[in-house]
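By convention in this document, chain letters (A, B, ...) are assigned in the order of the sequence lines, proteins followed by strands, and residues within each chain are numbered from 1.
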Number of protein chains: 2
Amino acid sequence: MSEKAGHGIRRSATRLDSYVDRYAARTKGMTASEIRALFSVASRPEVVSLAGGMPNISGLPLDVVGGAINDLVRTNGPVAMQYGSGQGDPRLREQICDVMRLEGIEAHPDDVVVTVGSQQAVDLVTRIFCDPGDVVICEAPSYVGALGVFRAYQCDVVHAAMDEHGLVPDALRDAIAAVRAAGKTIKFLYTIPNYHNPAGVSMAAERRPEILEICREADILVLEDNPYGLLGFDDEPYRALRADEAEGVIYLGSFSKTFAPGFRVGWALAPHAVREKLVLAQESATLCPPSFSQMAVSAYLSEHDWQGQVKQFREMYRERRDAMIESLEDLMPAATRWNVPDGGFYVWLTLPDGLDAKAMLPRAVTARVAYVPGTAFFADGFGAQSMRLSYCYPTADRIREGVRRLVGVIEEELELRETFGGGYGGQAGAGHVTRGYESPNTDLT
Amino acid sequence: MSEKAGHGIRRSATRLDSYVDRYAARTKGMTASEIRALFSVASRPEVVSLAGGMPNISGLPLDVVGGAINDLVRTNGPVAMQYGSGQGDPRLREQICDVMRLEGIEAHPDDVVVTVGSQQAVDLVTRIFCDPGDVVICEAPSYVGALGVFRAYQCDVVHAAMDEHGLVPDALRDAIAAVRAAGKTIKFLYTIPNYHNPAGVSMAAERRPEILEICREADILVLEDNPYGLLGFDDEPYRALRADEAEGVIYLGSFSKTFAPGFRVGWALAPHAVREKLVLAQESATLCPPSFSQMAVSAYLSEHDWQGQVKQFREMYRERRDAMIESLEDLMPAATRWNVPDGGFYVWLTLPDGLDAKAMLPRAVTARVAYVPGTAFFADGFGAQSMRLSYCYPTADRIREGVRRLVGVIEEELELRETFGGGYGGQAGAGHVTRGYESPNTDLT
């Protein structure tokens, strides 16, 4: 075979993606969602976005942060700007243990791995555990960014139902049994126990031991993703699953919601052997997480009343939650349902029968309000009748205005449905069950 | 099958790694190298480390950097601390295009993807292109961190020889032909054309069109990794491969060596369709690279004479290169060979026949000098007679002292070999050809 063997299949400049034949199998699942084009419209200032998951950080004391980082550069710059440990800054890992203690976790800094946001922790855990075809059990619905990771590693996601108290134990048992009956391998349960994204519910404290026991009995690892744990509207944070099960739980945390996401500092707390693999995976992925970011977060934690700041965040988010819930109660047509979250950023709203949140979205954006259709949060196409509404970023007034606009769109849909018959909502949606539409690739829009 | 199906194989607390049966296939290749334990000794201050690839950033103006970042927080903090685009900060991507213009590249910011160091760019490119068993062609030797990524994605690495002018065109042709004759798929050529890590050589300007033509003819993508391109000791940087081939080259750059590694800001410049996939992969891996790091680098570039700073770096590294080369010439025993690099951080040294750099390392560390054995830079166990010596981090005096100590160890080895016979070096090394020994997982130690 000569060195010119490939010449005959030389890529043509006229094709849209001349590389299309050479990507890895995993890349086939990576398609830009059609929803993105809509969200680029939705980011215009005249649109009220109830879609994004961005924290509101306008309350941060910029003089304190700027001063702390300036001091950091002047006193410790050559360390902060140099390569660091693949596992993360030792002082920050101690501070992370102090943060986790607020949720009942007793851990050693040696078992913490710093990651580029907790998104990267989901990526690295999946990388070390999951072969193509392995199963991850997720709540129904689940976090869109984690579903994207599982898809990128060619995992099969099996959903287990939630109710107003979080993941339903019997649904978890049934999912485990069904997967095993089909001869497939379950690698872990992915759960967001507190102030769920997108469902807005929390796993009831009395249900937690049962969930842990099911996983222990079935020998299934638990991946506990907890970015919102300190953002509850009542005083005491929930006790983490990890607090009562050190060996069978990998716990993920983040400073994105308690401080600021732009530093991209999250972490995984893992059993010792798993932690070793995570560090090797981190070194392969990035050599090391950013020293500068880590030391900036560390300086902020030690030089500022960060818990007082979190308290302010909680109060702000509670006011916005109240604004949203009050508007929904005042304005939404009958047969629309939603939950009242006790923390975090999200309300999960289900439309009257026959309406399709995905099909309705372009009309909502035209009416200058945006949300994320429920299908984004399922791996299997479910969720069309629901949507996620975020109250974290817009002000209370804008939230009320957004809900008003959304109600206008829903009422118009209901009228159309009445005029043209029950098929209207479904009909409009049917043509859109195409690749990627249901999958915004990030949670930031 | 009941929900207790897994109970019988419940993990035992007595096993060292109770998760060992559940990792992904790719994780089997991730083992901590035995060399690490040595390097933790080597990091003691009394040891002269000629092993690490850390840039020396002590010359950076801390007042300028601290002031620029303080201004950034105070004037643009809510943006710098917020989530950003998955593709990276638009202003920084424009500045990156200005940087690449110094190497003859005309590119649009739309085709740049910012990554968490260029290490992450290698990871993301491999992620989107490589299925298990796909082949990546690498120079012999090649960068240890890239080899680690290729192993993590279960690629087969096939090496092609270099000489004093870089990758040898006929060796590349032979490698391509041999891989294709074996029925395997080549996904790309990974090359470090300038001031190679670890070989210290550069691809001759007149050889570059031939390398590009071979890849074009064979329809093979080129991954051009260029962290050291602006650190040449002569005035004009080499013209990038990407400057003459936009469609068939993915170019990787980094601010780790021209500014500072602690921000972890690198980038990939890719053909449009590939760039889209890289952004999706980046969003899955991290949601977005750190806004704060990117805007800090951007502020430094615009507010400081960064090219003047790079000139200072070049002069410092040239002095250190000179100190190392002079010491080697003065002290090394006959039959030891090395190259004289015209830029970058590294000298590649080959020992007299019969000596084994890997077997010798514990004795070198005992003599308070460290290096990286050549085997680290090969996927196939070659390189035992060679080592990489770095002159980037220690001062000129320390470099001379390190070479003096290294010469002492080599002379002792030669004496032992003379006394006990030719088998000595090989014998000592034979027992160490075990998993991971040849693979330090990062380049930072």
Query raised in the report: With a 4.5 angstrom heavy-atom cut-off, which part of B/Pro271 approaches chain A: side chain, backbone, both or neither?
Result: side chain

Requested in this report: Specify whether B/Phe188 and B/Phe129 have parallel, tilted or perpendicular ring planes, treating 30° as the upper limit for parallel and 60° as the lower limit for perpendicular.
Outcome: perpendicular

Query - Interchain contact, B/Lys187 with chain A, by part (heavy-atom threshold 4.5 Å) - result: side chain

**Report entry** Which atoms of A/Ala281 approach chain B - backbone, side chain, both or neither, heavy atom under 4.5 Å
**Finding:** both

Report task. Go through the atoms of B/Asp131 and report whether side chain, backbone, both or neither lie under 4.5 Å from a heavy atom of chain A. Result -> both

Report summary line: If one checks every heavy atom of B/Ile128 against chain A at 4.5 Å, the contacting part turns out to be both

Requested in this report: Would you mind telling me which of A/Arg74, A/His272, A/Lys28 has the largest number of heavy-atom pairs within less than 4.5 Å of chain B?
Outcome: A/Arg74

Report task. Would you please classify the geometry between the B/Tyr19 ring and the B/Tyr23 ring as parallel, tilted or perpendicular, with 30° and 60° separating the classes? Result -> tilted

Report task. Taking all non-hydrogen atoms of both residues into account, name the closest pair between B/Ile137 and B/Ala160 and its distance. Result -> CG2-CB, 4.2 Å

Query - B/Thr126 versus chain A, the contacting section by heavy-atom distance below 4.5 Å - result: backbone

Query raised in the report: Which bit of B/Ser58 comes within less than 4.5 Å of chain A, counting heavy atoms only: side chain, backbone, both or neither?
Result: neither

Query raised in the report: Measuring from B/Arg26:CZ to A/Tyr153:OH, what's the distance to the nearest 0.5 Å?
Result: 6.0 Å

Query raised in the report: Is it the side chain or the backbone of B/Ala152 that comes within 4.5 Å of chain A heavy atoms, both, or neither?
Result: side chain

